[in-house]
Amino acid sequence: MKFKLIMILGFLMPITTIAQISEVNLTAIKKLISEKKYEAASNAATLMLEDGEQSILYDLRAQANHQLKNYDAEILDYKKYLTFDDEPKIRLSLAIAYLAAKDTIQSKKSIENNIQLHPEYLNSYGYLSFLTRIGGDNKLALEIIDDAYNKFQSPTLLFSRASEYKRQGKYDEALEDYETLISKFNFQSVFFNAAYCASHVGNYKKTLEYYKSYLEKDPNNSAALNNVGNALQEVGNFKDAKIYLKKSLEVTPKNIFPLSLQAQVAYKQGNTDEAFSIVDATLLFKSKTKVNSMTRGYLNIYEGNLIDAEADFKIALSDEQLERYALLSIAKVYIYKGEYAKAVQLASESIKKVDGQVSEAFNTRGFAYYMLGKTTEALKDFSSAIGSEPKYQPIFNYVK
């Protein structure tokens, strides 16, 4: 083993066996990666490869190159690794590297080859589903996971299917899968997801049950506390809702989510001035999200102040996470104002932004079409609303 290698990696030791030095230096490279010193890790692996090829060195250098965004070099390293050992994990890493290099065709070919060679390596199915989804085929993405789960009955695949259902807004199906994970596989880590889906299907009893189960293990989780508060205010239990929202704020002061919910609770209790006071205070906080603007927009709609509501929702458009909701909310404002053509345009934009459940957007656009006398388009949208969410009632709802 060359002395220069030992010095570059920061070790000074007596001459010993190649195997011993290699093990020490492999550990050093792993440490460099863990410390995010990727250039040094890549250089060290390259020096070691001069003294003899080892598959693990190609793997480590590939990992470093990925972080350095040297994707072509990463691909070459993984290909070299596979000449030593055909591991499905490495084939998956190769597929991911191709995607990072913006070569989706080779990425798909690599993962499909992995499934053919190693059909029981379950992570491949999740990745193939992901590739299919970003390619625009949500239906096929779900079918890939569904077929794999039906074949292998793996909780990992069931979790992937539940996640895909949730992502596509199929909350009933997602909830069923999460409940199976809890009852059959004892996956207590999915209580939060189960609660989230239960709330979206309007089952607040289950929502509270699952969030409270989650809070038994993580009692200071601000998001869970906030969501319990939301569920409680949805069923009219404002007293307990305030308690949980207050707890959420104690954990994360100036968190605009529980503050915005506090404003909603105050409004529902008839305290209009207090509601506006709370939400206006949140607008003073520096926050990336514009949830506070959305909340004030809804309050203004409730008060019939369409001009201010529209202005508030337009502020929320600058938040990518809220854009689709803001577009839909502005569309509803235009319906209130009788500007149905504009409502159609904005609802259509909202539909394009949504990668999943869009029942309310179709319903809103359908109503606008109906008011324009375009009954064929209206009926088509109402049908789409039901198709996206079977229990959905296609009757335009101005404000939830």
Side-chain angles (χ1 to χ4, degrees), residues 87-96 98-99 104-203 206-207 209-210 214 324 351-362 383-392:
E87 286 191 21
K89 181 180 177 181
I90 298 301
R91 287 191 176 276
L92 173 59
S93 296
L94 176 60
I96 293 171
Y98 273 123
L99 182 62
T104 54
I105 294 175
Q106 283 301 321
S107 183
K108 186 177 180 182
K109 285 183 179 179
S110 294
I111 203 63
E112 287 176 339
N113 192 31
N114 203 21
I115 290 174
Q116 184 177 3
L117 293 170
H118 307 282
E120 294 187 0
Y121 185 69
L122 304 182
N123 290 339
S124 294
Y125 300 98
Y127 183 72
L128 179 59
S129 174
F130 165 74
L131 271 183
T132 305
R133 167 162 53 88
I134 64 175
D137 196 336
N138 285 328
K139 182 179 179 182
L140 181 57
L142 188 54
E143 287 177 358
I144 290 168
I145 292 294
D146 187 43
D147 290 344
Y149 173 68
N150 290 333
K151 180 177 181 180
F152 295 104
Q153 294 294 303
S154 161
T156 300
L157 290 170
L158 184 59
F159 179 78
S160 294
R161 189 176 73 177
S163 299
E164 187 60 25
Y165 275 136
K166 177 173 171 282
R167 192 198 62 77
Q168 294 192 23
K170 300 179 184 296
Y171 297 113
D172 281 307
E173 293 88 342
L175 178 59
E176 184 177 349
D177 279 353
Y178 286 130
E179 289 182 329
T180 300
L181 285 165
I182 292 168
S183 61
K184 184 176 179 180
F185 299 107
N186 196 30
F187 266 46
Q188 297 187 23
S189 60
V190 300
F191 278 128
F192 194 104
N193 289 331
Y196 178 89
C197 293
S199 69
H200 276 73
V201 299
N203 191 332
K206 281 189 175 181
T207 299
E209 175 187 334
Y210 288 133
Y214 179 86
R324 59 171 173 163
I351 290 169
K352 290 178 182 178
K353 295 288 182 182
V354 179
D355 190 15
Q357 200 264 76
V358 289
S359 295
E360 183 65 7
F362 278 122
S383 296
S384 295
I386 296 173
S388 298
E389 187 180 349
K391 295 182 180 180
Y392 190 84

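Because the structure is predicted, anything quoted here is derived from the model rather than measured.
Taking each heavy atom of Ala174 and Ala162 in turn, the nearest pair found is CB-O, 3.6 Å. In terms of heavy-atom proximity, Thr207 sits nearest to Ser199 at OG1-N, 2.9 Å. For the pair Asn114 and Ser124, the tightest heavy-atom approach, listed with the atom from each and the gap, is ND2-OG, 3.0 Å. Closest non-hydrogen pair, Asn193 versus Phe159, comes out as ND2-CE1, 4.0 Å. The nearest pair of heavy atoms linking Thr132 to Leu128 is OG1-O, 2.8 Å. Of all the heavy atoms in Ala194 and Tyr210, the pair that sits closest is CB-CD1, 3.8 Å.
The aromatic rings of Phe187 and Phe185 sit perpendicular, their planes meeting at an angle over 60°, well past the 30° parallel limit. Between Tyr171 and Tyr196, the ring-plane angle classifies as perpendicular under the 30° and 60° cut-offs.
Considering NZ of Lys166 and CG of Asp177, their distance stands at 13.0 Å, rounded to 0.5 Å. Rounding to the nearest 0.5 Å gives a distance of 6.5 Å between CG of Asn123 and CG of Leu92. Once rounded to the nearest 0.5 Å, the distance linking CD1 of Ile111 with CG of Leu131 reads 7.5 Å. Between the CG atom in Leu142 and the CG atom in Asn138 there is a gap of 8.5 Å [rounded to 0.5 Å]. To the nearest 0.5 Å, atoms CG (Asn113) and CD (Gln106) are separated by 10.5 Å. If you take CG on Asn186 and CD on Gln188, they are separated by 5.0 Å, rounding to the nearest 0.5 Å.
The backbone N or O of Asp146 sits less than 3.5 Å from a side-chain atom of Asn150, completing a donor-acceptor pair. Put simply, the side chain of Thr104 never gets that close to the backbone of Leu99: no donor and acceptor are under 3.5 Å apart. Between the side chain of Asn203 and the backbone N or O of Ala198, no donor-acceptor pair lies under 3.5 Å. Checked by atom type and distance alone, the side chain of Glu164 never pairs as donor or acceptor with a backbone atom of Ile145 at under 3.5 Å. Counting only distance, with no hydrogens or angles, the side chain of Ser129 and the backbone of Tyr125 share no donor-acceptor pair below 3.5 Å.
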After noting the C-alpha distance and the side-chain angles of Ser107 and Tyr127, does the key distance pass the side chain to side chain donor-acceptor pair (under 3.5 Å) rule?
-> CA-CA 10 Å; Ser107 183; Tyr127 183 72; 2.8 Å; yes
For the pair Lys89 and Tyr121, evaluate side chain to side chain contact (heavy atoms under 4.5 Å, CB included) and give the outcome as yes or no after the intermediate values.
-> CA-CA 8 Å; Lys89 181 180 177 181; Tyr121 185 69; 3.7 Å; yes
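One finds no salt bridge joining Lys206 and Glu209 here, because no Lys/Arg side-chain nitrogen approaches an Asp/Glu carboxylate oxygen to under 4.0 Å.
Summarising the local packing, CD of Glu176 is surrounded by 12 or fewer heavy atoms from other residues, nucleotides or ligands at distances under 6.0 Å. Within 6.0 Å of atom CD in Gln153, more than 12 heavy atoms from other residues, nucleotides or ligands are found, so the atom counts as buried in its surroundings.
Contact annotation: the side chain of Arg167 approaches that of Arg133 to within less than 4.5 Å [non-hydrogen atoms, C-beta and beyond]. Residues Pro88 and Leu117 fail the side-chain proximity criterion, which asks for heavy atoms closer than 4.5 Å.
With Ser110 as the fixed residue, the side chain to side chain contact (heavy atoms under 4.5 Å, CB included) test singles out one of Ile96, Ile105, Leu94: Leu94.
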